[in-house]
Amino acid sequence: MLRDKLKACGANFCDSCFGGAVRDFGDVAKELSYIRNSAAVCDFSFLPKYSLNEECGAEFLDSVLPANMLKLRYGKMADTFLASPGGEVLAEVLAANIDGRIFLLAESARADADFSGIFNGEGTDFKDITKDYCVLSFDGPSSWRLAESVFGTDALNLSYMSVEMYEFGGEPVCLMRGGKTGEFGYQAMIESRKAGELFDCLKEGAENLGGGLAGMKAHSLARLQGNFFNVAAEGKAVKNPLELGLQWMVDFSKDSFIGADKILGDRSRGVARALAAVDSETPLSVGAKLYFGGRAVGEIVVAEEISGRGLALGLFERDFAYAGFDYSLSPNGGDDVRTVSRPTLLSRSLTEGMGAE
């Protein structure tokens with residue numbers, strides 16, 4: 001698809017998770033700065049992509065996914081997940097309803113993920129469009145300017161979690177406004193044969209705004225800062241959607257979807273563990289135990305370094321998974337880390353809004 005262009009731009013590709021995705025372009029700190037201060041373009045074409053008709057597809061998907069897919073209206077999107085029969089998270093799923101079709105973008109920790117057998121319902125005119133379409137994201141406080149310059153002023157009317165069809169070079173583009181960085185964010189889905197032209201246009205536009213290209217590593221750091229779920233990080237490590245705090249992706253008035261028995265049962269019984277963000281003056285390591293006095297009450301499941309500090313996610317006993325408390329990395333040790341609330345920064349998109357000079 002875009003691999004040759006990405007290589008020419010200095011892309012380093014992921015060895016595991018997000019198969020075929022760009023890890024970085026050689027300077028993750030700069031790429032994260034693009035996301036936070038201007039506009040960053042990232043290739044999400046590695047995502048498995050599917051299409052179903054709305055007439056039968058909505059009802060079928062309602063039996064598969066935990067969100068209420070019957071309430072997915074024209075021009076809107078739903079963020080949910082696909083569970084295994086045992087109730088574990090397999091993929092985060094973004095569903096968009098536009099022009100009589102429901103498009104699904106499925107993000108999984110598996111490089112070889114293929115969910116076509118699950119989403120292929122009778123009468124839904126199911127299509128696996130993974131190879132036929134590319135998805136390019138652009139995120140940052142100036143990304144709305146990029147949307148306006150490429151797709152016209154009407155793109156500024158696109159509200160959060162909405163989708164609309166536009167044109168680029170005479171070809172239709174499905175433009176989705178969502179994002180998982182805490183900044184303004186868009187995803188543009190276009191036929192693969194035109195993706196190179198759109199990539200060049202977005203790249204040039206981002207550079208003119210003081211931004212550039214970014215890989216999945218910078219996106220993952222932005223997600224961690226901004227309290228957005230990452231299926232390839234905490235999702236891979238924890239798997240239980242209620243321990244992950246994904247209750248908001250589930251319609252608990254439903255009693256039938258894949259994994260419902262386990263997920264609904266866990267909600268009724270309650271789960272014993274929960275995630276909390278952890279901050280430290282030095283980087284942390286996955287697997288490190290967190291102690292309250294002499295008792296281990298949590299474990300680091302995601303660990304990153306941002307600006308020399310450690311930012312991590314710990315899976316705690318539920319009674320200890322609250323922000324504002326100090327824990328030790330050794331029994332009866334000192335106050336090594338503190339639980340914190342996310343987002344850990346106030347994004348420029350929220351403070352400046354659209355129209356900022």
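Remember, predicted model here, so these are calculated numbers, not experimental data.
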- Task: State, to 0.1 Å, how close L224 and R342 come at their nearest heavy-atom pair, and which atoms those are.
- Result: O-CD, 2.8 Å
- Query: Does N332 use its side chain to pair, donor to acceptor, with the backbone of G294 at less than 3.5 Å?
  - Reply: yes
- Query: If two hydrophobic side chains count as joined below 4.5 Å and joins carry through other members, does I258 share a cluster with L61?
  - Reply: yes
- Item | Presence of salt bridge, R223 and E107, under 4.0 angstrom | yes
- Message: Salt bridge or not between K203 and D200? Use side-chain N to carboxylate O under 4.0 Å.
- Response: no
- V250-L72 co-clustered via ILVMFWY side chain contacts under 4.5 Å: no
- Query: Which is it for V135 and M189 under the side chain to side chain contact (heavy atoms under 4.5 Å, CB included) test, yes or no, and what are the steps along the way?
  - Reply: CA-CA 4 Å; V135 175; M189 185 168 69; 3.9 Å; yes
- Step through the shown structure and confirm whether more than 12 heavy atoms of other residues, nucleotides or ligands are within 6.0 Å of OH on Y291. yes
- Item | Side-chain donor/acceptor of K49 to backbone N/O of S45, under 3.5 Å | yes
- Query: Can the ring centres of F316 and Y327 be said to be less than 6.0 Å apart?
  - Reply: yes
- Between N97 and E54: side-chain donor-acceptor atoms closer than 3.5 Å: yes
- Message: Check whether K180 reaches the backbone of F229 with its side chain - one donor and one acceptor, N or O, closer than 3.5 Å.
- Response: yes
- Item | Under 3.5 Å donor-acceptor, T181 side chain and D139 backbone | no
- Ion pair check, E31 and R36, cut-off under 4.0 Å: no
- Any luck finding a side-chain donor-acceptor pair between N37 and S33 under 3.5 Å? yes
- Message: Measuring centre to centre across the rings, with the benzene-like ring taken for any Trp, is F103 within less than 6.0 Å of Y50?
- Response: no
- Query: Got a salt bridge between E171 and R193, using NZ or NE/NH1/NH2 to carboxylate O under 4.0 Å?
  - Reply: yes
- Query: Closest approach of A91 and V231, non-hydrogen atoms and distance?
  - Reply: CA-CG2, 4.2 Å
- Query: Among side-chain atoms of S162 and R177, is any donor-acceptor pair under 3.5 angstrom?
  - Reply: no
- With no hydrogens and no angle check, is any side-chain donor or acceptor of T80 less than 3.5 Å from a backbone partner on L65? no
- Do V297 and V302 belong together in a cluster built from hydrophobic side chains that touch within less than 4.5 Å? no
- Message: I want to check a possible cation-pi pair here: R3 against F13, using under 6.0 Å from ring centre and within 45° of the ring axis as the test.
- Response: yes
- Item | Donor-acceptor contact present, side-chain N208 to main-chain E204, <3.5 Å | yes
- Is there a donor-acceptor pair under 3.5 Å between the side chain of E183 and the backbone N or O of S349? yes
- Do side-chain atoms of S192 reach the backbone of K131 as a donor and acceptor pair under 3.5 angstrom? yes
- Measure the shortest side-chain to side-chain distance between L246 and V89 over non-hydrogen atoms and say whether it is less than 4.5 angstrom. yes
- Message: If we count only N and O atoms by modelled type, under 3.5 Å, do the side chains of D336 and S328 hold a donor and an acceptor together?
- Response: yes
- L242, L244: one ILVMFWY side-chain cluster at the under-4.5 Å cut-off? yes
- Task: Determine the interplanar angle of the F119 and F115 rings, folded into 0 to 90°, and report it as parallel if under 30°, tilted if 30 to 60°, perpendicular if over 60°.
- Result: perpendicular
- Query: Any chance the side chains of D251 and N68 put a donor and an acceptor closer than 3.5 Å?
  - Reply: yes
- Query: Would the F46 and F44 ring centres measure less than 6.0 Å apart?
  - Reply: yes
- Okay, side chain of D62, backbone of M69: is any donor-acceptor separation there less than 3.5 Å? yes
- Message: My understanding is that only one of R309, K217, Q225 makes a side chain to side chain donor-acceptor pair (under 3.5 Å) with E304; could you say which?
- Response: K217
- Query: Between R101 and D99, is there a side-chain N and carboxylate O pair less than 4.0 Å apart?
  - Reply: no
- Examine the side chains of T124 and N53 and answer whether a donor and an acceptor come within less than 3.5 Å of each other. no
- Query: Between E191 and K194, is there a side-chain N and carboxylate O pair less than 4.0 Å apart?
  - Reply: no
- Message: Below 30° counts as parallel, above 60° as perpendicular, anything between as tilted: where do the rings of Y166 and F151 land?
- Response: tilted
- Message: Taking F325's backbone N and O only, do any of them form a donor-acceptor pair with T339's side chain (distance below 3.5 Å, no angle check)?
- Response: yes
